Amino acid sequence: MKLLLDTANQEKIKEYLTYLPVSGVTTNPSILKKEGQLDFFEHMKGIRRLIGFERSLHVQVVAQDYEGMLADAHRLIEGIDDQIFIKVPVTKAGLQVIQTLKKAKLGVTATAIYTEMQALLALESGADFLAPYVNRISVLNGDATSLIAHVQQEIERTQSSTQILAASFKQVGQVLDAVHAGAGFVTLGTDVLDQLLAHPSIDKAVADFERDWDEAFGRKQV
Ligand code: G3P
């Protein structure tokens, strides 16, 4: 499981980098809104400085029409760097943008995926990553697990290098289901990231070991 951080909060990104095996950072306009007023391009360049070029940075277009999305994509590349993955929602115009960006050999993450057909079309259009919205699909009574499993089968059948980057999680269990279904990458918000190692039994086991060592050797370190 490759793990990405679905946040634009630099302090949280710094914290997670100290202990999590982080493969990248994903953002979208709603995530950026949570950070309040900021200089967008400076902020994104700051995130790039934190994560380096060995991790991926995914940044979303805002316009909804073909020309607007393409113009956004080029502004993002000029304002941040040319190694970013441009997140494009899978709409009619979005699919066209994905194909154009891939012809130009730019990195693309197909996002806002609610249906298997969106994922299959984005796959065939050459997107590097497909981002199905797991929790949002479940809320709509959809089956995100079967979507991921079917799309992963198609990726393998066509020997494509495209990866599933599952997104929109509310619980750790949903993350495990997505990984079991075949998602190689997941991007998690801070609410789920903070739950990854939260388990009362883990803390108790570690405290018990320290107490037993202390009782046996009279100190709390080796
Ligand atoms: O990466 C997509 C994600 O940010 C959407 O998540 O929590 O708004 O459903 P959410």
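In listed order, ligands and their atoms are each counted from 1. Remember, it's a predicted structure, so these values are computed and weren't measured experimentally. All heavy atoms count here, side chains included; hydrogens, waters and symmetry mates do not. Position 1 is the first residue of the sequence; numbering continues from there.
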Tabulation required: pairs of a nitrogen or oxygen in ligand 1 and a protein nitrogen or oxygen under 3.5 Å; columns are atom names and distance to 0.1 Å; otherwise 'none'.
residue	atom	partner	partner atom	Å
ligand 1	1 (O)	Asp6	OD1	3.3
ligand 1	1 (O)	Asp6	OD2	2.8
ligand 1	4 (O)	Asp6	OD2	2.8
ligand 1	4 (O)	Asn28	ND2	3.1
ligand 1	7 (O)	Lys170	NZ	2.8
ligand 1	8 (O)	Arg136	NH2	2.7
ligand 1	9 (O)	Arg136	NE	2.8
ligand 1	9 (O)	Ser168	OG	2.8

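Contact of the Thr109 side chain with the Ile86 side chain is not registered, since no non-hydrogen atoms from C-beta on lie closer than 4.5 Å.
Under a 4.0 Å N-O distance rule, the pair Arg48/Asp81 qualifies as a salt bridge. Salt-bridge check for Asp128 with Lys102: passed, with a basic side-chain N closer than 4.0 Å to an acidic carboxylate O. The pair Glu78-Arg75 fails the salt-bridge criterion, with no side-chain N (NZ, NE, NH1 or NH2) lying under 4.0 Å from an Asp/Glu carboxylate O.
One N or O on the side chain of Asp72 and one on the backbone of Val62 form a donor-acceptor pair closer than 3.5 Å.
Residues forming a side-chain contact (heavy atoms from CB on, under 4.5 Å) with Asp82 (at least two apart in sequence, or on another chain): Ile77.
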